Structures are given as C-alpha cells and as structure tokens.
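Remember, predicted model here, so these are calculated numbers, not experimental data. We use all heavy atoms of the structure for the numbers below, so side chains are in, but hydrogens, waters and symmetry mates are not.
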Amino acid sequence: MTIPIACQEQLLPGTDLIQKYALAVSLGYDGIELRGRGDLAFAQRLPELRRARAAGVVMPTVCVEMDHFIGDFDPARSADAVRNLRSQLSVLAELGGVGVMTPAAWGMFSRRLPPFEPPRPPAGDRQVLVDALGLLGEHARREGVVLFLEPLNRYEDHMVNRLDEAVTLCAAVGLPSVRVVADTFQMNIEEDDVHRALRAAAPYLGHVQVSDSNRYQPGAGHLDWPGLVRTLLELGYQGWLALECRLRGDPVRALQQAATVLRHAEPRRAAA
C-alpha cells in the first residue's frame, strides 16, 4: 500500500492551481492541500477551483487559515468560525474532496504564558467544542465529507494538545464525519511516544500533516520518517500525508527533498 502525499498550495511556485499541480506531480506529489481563509473567501474561489478540478487537479483537503476558530472565547467569533467551516465543507464536497481541518483555536491562549488561567473553565471549553463539532459533523455527514480536528502544541492552544484529547472530543460527538488530524510537528512536542499515540488514535485518525522537528520540510530535522510511515502502514491508514511546513533552501529543491524522503520512507517490496 502506498500513502498518497499532498503539498499545501502556498508552498508551490506557480500562477494558478493548474501550474502548481503540474509542478507538484513532477516532484512526486499526488495532490494539493488547499488553504481556507475566513470571511467566506474560500467560497469566492469556486470559479478558480472548478477550473482546476476540470483540468484534473486533485484537491483532497482544506486547512483553515483564519484568525479565530470554533473554540473562541467570544461566542460570535466561534459562530463565525462554524459558518466559514460549513461553507468550506460544502465547497470541498463539490470538488470531490475528503475533508476540512481546524484546530480548536490558535494563538488565543496558552497556560504556559501569563495570566496562565483562561477566562473559561475546562468544562466550558469542552461544551463549546462538542457543540461546534456536532454542528459541523452533521453538516459534513450530509455533504459526504469529513471534519478533521487538529491538536496544536501547548504554546498555541490550551484546549486540545494531544491526539487522545482530540479523540475524546470526537467520541463525544459520535459521528463518523468527525475525525482527528495528526500533525508530526505538534506530535514531536506533545506526545510521549508518537507511535503509541498514533496506534491509540487509529480508529479516529483521518488525516496526517507532515513537517520535520524544526517545522521545515521532511528531511531537514531529526524525525524518524521510516518509523512514522511504517506505523501508519501497519495501522492500515487510508488517508493522505500533506506537507505543511516552512521550506529551507531553494523551494523547488526543498519540495523535492520532502517528497523523496516520504516516498523512500515506505518499505520496498521484494522483487518477485
């Protein structure tokens, strides 16, 4: 089994998605992961996205790019995040994609920095997230796509930092259309054992984003890519690996390096 790999659109040189996809394929990628901005900007891209799909561009997933998310302390901002994600899920469904991912929040609060105690108690955090995930999960189910919840590290979010925490929320929602994203950079910070964490989350694992230990492209840090890929293959993982990172060095060479590292991480079959 081969795990397909995608590259986020902003990392690829090119004037449009068709050019970017041609380059991505030449470098060893199978698809492009899109970015979903707020203010319903993603839906405004529909003409562009339809042209790309008609030209054969494979666009399996969307990573949100907003300044507020479903776990916001402000109910109006949380509701707006839900509104944007509903729209992104519908657009991706039209494109024949798989799913849209979101964190609980990003950069809103960290228990590692003053004032250390958030303005909402843990039970309140949980209720806000379960309610939002339930609404979005029902919408995703109707559209035939998936909502992915991404844990972030302790400095970027105080609510969902590890895979098991995301799994607990997904289980509380109880919908197959709500699943977990594993991000190798976040896991390198938060998980005691990334392989054990992946195995425990396997029934809920729907997507994997990849960058090395230093947030640069795979191969630029110290993560064990053969070990990570081997674990995913042993789990029968059916999703994508999507490159979400910074690029060190020449962008095209860096992207090629990442694709080569990920492809070579897969065990080679013995010749017949």
Ignoring hydrogens and angles, tell me if any N or O in the side chain of [X] forms a donor-acceptor pair with the backbone of [Y] under 3.5 Å.
X: Arg111; Y: Met159; result: no
X: Asp16; Y: Gln19; result: yes
X: Arg179; Y: Cys170; result: no
X: Asp157; Y: Trp106; result: no
X: Ser78; Y: Ile70; result: yes
X: Asn214; Y: Ala220; result: yes
X: Tyr237; Y: Val208; result: yes

> Taking all non-hydrogen atoms of both residues, which atom of Asn188 and which atom of His222 are closest, and how far apart?
Replying inline: OD1-CE1, 3.8 Å
Value rounded to 0.5 Å, distance of [atom1] in [X] from [atom2] in [Y]:
X: Gln209; Y: Met101; atom1: CD; atom2: CE; result: 5.0 Å
X: Thr61; Y: His207; atom1: OG1; atom2: NE2; result: 4.0 Å
X: Glu165; Y: Leu149; atom1: CD; atom2: CG; result: 10.0 Å
X: Ser26; Y: Tyr21; atom1: OG; atom2: OH; result: 11.0 Å

> Under a single-linkage rule joining Ile, Leu, Val, Met, Phe, Trp and Tyr whose side-chain heavy atoms are separated by less than 4.5 Å, which residues share a cluster with Ile189?
Replying inline: Phe185
> Would the Phe73 and His158 ring centres measure less than 6.0 Å apart?
Replying inline: yes
> Are the charged groups of Arg35 and Glu9 less than 4.0 angstrom apart, N to O?
Replying inline: no
> Should Glu191 and Arg196 count as an ion pair when the cut-off is N to O under 4.0 Å?
Replying inline: no
> Is atom CZ of Arg77 surrounded by more than 12 heavy atoms (other residues, nucleotides or ligands) closer than 6.0 Å?
Replying inline: yes
